Engineer: 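This structure is in structure tokens; I'll ask about it shortly.
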Amino acid sequence: MSQVYDRVALIGLGLIASSMFWAIKRAGLAGEVTGYARSEATRDTARRIGLCDRVCDTVQEAVEGADLVVLCVPVGAMGAVAQEVAPVLKPGATVTDVGSVKRHVIEAVSPHIPEGVHFIPAHPLAGTEHSGPESGFAELFDNRWSLLVPVEGSDPEAIARLRALWEGMGANVDEMDADHHDLVLAVTSHAPHLIAYTMVGVADDLRRVTDTEVIKYSAAGFRDFTRIAASDPTMWRDVFLTNKDATLEILGRFTEELFALQRAIRTGDGEHLFDYFTRTRAIRRGIIDAGQDTDAPDFGRGKANP
């Protein structure tokens, strides 16, 4: 793969930024990758493990001269970071992000983007329950989807370059409207995470009654809930606060479905339960057939997360 950008700046050095660096280096997509994290401890860790060609002590130093600036911070902080870097953004550069919410990010970041700088929001649909600079790996984006959400008037050439970067990192790329993105992600990610957090919270309450049995005898279903619920709390707090309308809509629909299942169990309606479970199992098979997961017992994640 040929080089797409001369210099890429990664702002925030967690799982996604770390994986981007290793994927960029694997394919030779950038001449130099700079990085910045607000925490000195995180910057020290990044330097120790060789994450980024140059780790900077100020966000302005990391961004200066960069052809692509990637905001890899929680969505609630993106507006403030965009304001910090705006004065030193290179004319003609592209600013993008990796946030799980798009409408809020557009509203928070767009006012700070100078004339002559391109802003193209994005969202890689990839991740694990791990966080921090040491959690990244080059294969994270392989055969996963990365969604580009161009704003009005986005430059086609800048979009094409960003698409080339994500494809070079192994991702499938599609474009989506911001509001539609937020609704889709409320279904596929945000509501499931909130349900997982709730189920683990219920189990924690139950553990006070059953001592250690909830943990000791965890079956696969509960283990999967705890994997999801182990995700970064700052990130998910911001996601729910910034995508509240879509998430609440989906949670309302979930509650209706849950009540229907509750009624079927109470009335002994086995036919309804069987039909419902058959239909939903087909969705799981579709995810596997689409190459977005595996039917291996550990969902294929053991190798990726040493």
Side-chain angles (χ1 to χ4, degrees), residues 11-12 14-17 19-20 69-83 95-113 119-131 140-141 144-152 154 159 162 166 171-201 224-258 283 287 292-293:
I11 309 305
L15 167 69
I16 297 298
S19 297
M20 287 186 71
V69 177
V70 189
L71 305 181
C72 304
V73 299
V75 293
M78 286 191 184
V81 173
Q83 186 175 21
V95 175
T96 189
D97 76 295
V98 296
S100 182
V101 177
K102 293 275 77 79
R103 175 55 62 193
H104 172 84
V105 168
I106 290 171
E107 292 174 353
V109 173
S110 291
H112 305 297
I113 301 299
F119 176 42
I120 307 171
H123 179 203
L125 306 185
T128 73
E129 69 271 32
H130 302 290
S131 58
L140 179 65
F141 310 113
R144 301 302 180 206
W145 284 96
S146 183
L147 301 177
L148 303 185
V149 185
V151 297
E152 186 177 354
S154 291
I159 295 172
L162 187 58
W166 279 110
N172 305 313
V173 181
D174 205 351
E175 294 183 24
M176 190 175 287
D177 168 78
D179 293 327
H180 186 63
H181 167 278
D182 289 354
L183 181 62
V184 169
L185 268 292
V187 175
T188 61
S189 178
H190 303 168
H193 274 81
L194 193 64
I195 293 165
Y197 279 116
T198 304
M199 191 63 227
V200 174
D224 292 337
F225 273 127
T226 60
R227 181 188 63 80
I228 296 174
S231 301
D232 181 71
T234 300
M235 179 185 78
W236 283 103
R237 176 202 63 194
D238 287 358
V239 164
F240 292 124
L241 292 178
T242 57
N243 195 30
K244 66 170 67 175
D245 291 342
T247 302
L248 288 173
E249 178 182 344
I250 299 307
L251 286 175
R253 297 189 186 192
F254 170 79
T255 302
E256 293 173 4
E257 297 277 312
L258 190 60
I283 295 174
I287 292 171
Q292 295 306 298
D293 212 331

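Quick caveat: nothing in here was measured; it's all calculated off a predicted structure.
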Engineer: Which pair of heavy atoms, one from L140 and one from G127, lies closest together, and at what distance?
Structural biologist: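 Shortest heavy-atom separation between L140 and G127 comes out as CD1-N, 3.8 Å.
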Engineer: Using side-chain heavy atoms (C-beta onward) and a distance below 4.5 Å, is S100 in contact with V75?
Structural biologist: no
Engineer: Less than 4.5 Å apart, any side-chain heavy atom of R144 and any of P124?
Structural biologist: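 The answer is no, as the side chains (C-beta and beyond) never meet within the 4.5 Å cut-off.
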Engineer: Looking only at heavy atoms, which two atoms of V184 and M176 are closest? And how far apart?
Structural biologist: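 For V184 versus M176, the nearest heavy atoms are CG2-SD, 4.5 Å.
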Engineer: Should the ring pair H190 and F240 be called parallel, tilted or perpendicular, given that the plane angle runs from 0 to 90° and is split at 30 and 60?
Structural biologist: perpendicular
Engineer: Among residues at least two apart in sequence or on other chains, which ones pass side chain to side chain contact (heavy atoms under 4.5 Å, CB included) with A77?
Structural biologist: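 Side chain to side chain contact (heavy atoms under 4.5 Å, CB included) list for A77, sorted by chain: V73.
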Engineer: Looking at side-chain heavy atoms only, is the closest gap between L183 and I250 below 4.5 Å?
Structural biologist: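 Of all side-chain heavy-atom pairs linking I250 with L183, at least one is under 4.5 Å.
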Engineer: Could you tell me the separation between the OG atom of S110 and the CD atom of E152, rounded to the nearest 0.5 Å?
Structural biologist: 10.5 Å
Engineer: Quick one: do E249 and R253 make a salt bridge, cutoff under 4.0 Å?
Structural biologist: yes
Engineer: So how far is it from T96 OG1 to L162 CG, rounded to the nearest 0.5 Å?
Structural biologist: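 Atom-to-atom, T96:OG1 and L162:CG are 4.5 Å apart.
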Engineer: Could you grab the distance from atom CG of L251 to atom CD of E256, nearest 0.5 Å is fine?
Structural biologist: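 CD of E256 is found 11.5 Å from CG of L251.
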Engineer: Taking all non-hydrogen atoms of both residues into account, name the closest pair between P150 and E175 and its distance.
Structural biologist: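 Answer, listing the atom of P150 first, then E175: CG-OE1, 3.7 Å.
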Engineer: First locate atom CG of D182, then atom NE2 of H123, and finally report the distance between them rounded to the nearest 0.5 Å.
Structural biologist: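 Answer for the CG-NE2 pair, D182 versus H123, is 10.0 Å.
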Engineer: Using every non-hydrogen atom in the two residues, find where I106 and F119 come nearest and quote the distance to one decimal.
Structural biologist: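 Smallest heavy-atom distance, with atoms named: CA-CE2, 4.0 Å.
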Engineer: Closest heavy-atom contact between V109 and A82?
Structural biologist: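 So the two residues come closest at CG1-CB, 3.8 Å.
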Engineer: May I ask you to say whether D97 pairs ionically with K102, meaning some side-chain N is under 4.0 Å from a carboxylate O?
Structural biologist: yes
Engineer: For T247 and K244, indicate whether the former's side chain and the latter's backbone hold a donor-acceptor pair under 3.5 Å.
Structural biologist: no
Engineer: Please name the pair of heavy atoms, one in T234 and one in P74, separated by the smallest distance, quoted to 0.1 Å.
Structural biologist: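 Shortest heavy-atom contact: CG2-CG, 3.9 Å.
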Engineer: With a 4.5 Å limit on heavy-atom distance, are the side chains of V105 and V149 in contact?
Structural biologist: no
Engineer: Compare all side-chain heavy atoms of L185 with those of H181 and state whether any distance is below 4.5 angstrom.
Structural biologist: yes
Engineer: So, taking the atom named CG in L194 and the one named CH2 in W236, what distance separates them when rounded to the nearest 0.5 Å?
Structural biologist: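 Here the interatomic distance stands at 9.5 Å.
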Engineer: Could you state the interatomic distance from CD1 (I16) to CZ (F141), rounded to the nearest 0.5 Å?
Structural biologist: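 Reported value, rounded in 0.5 Å steps: 4.5 Å.
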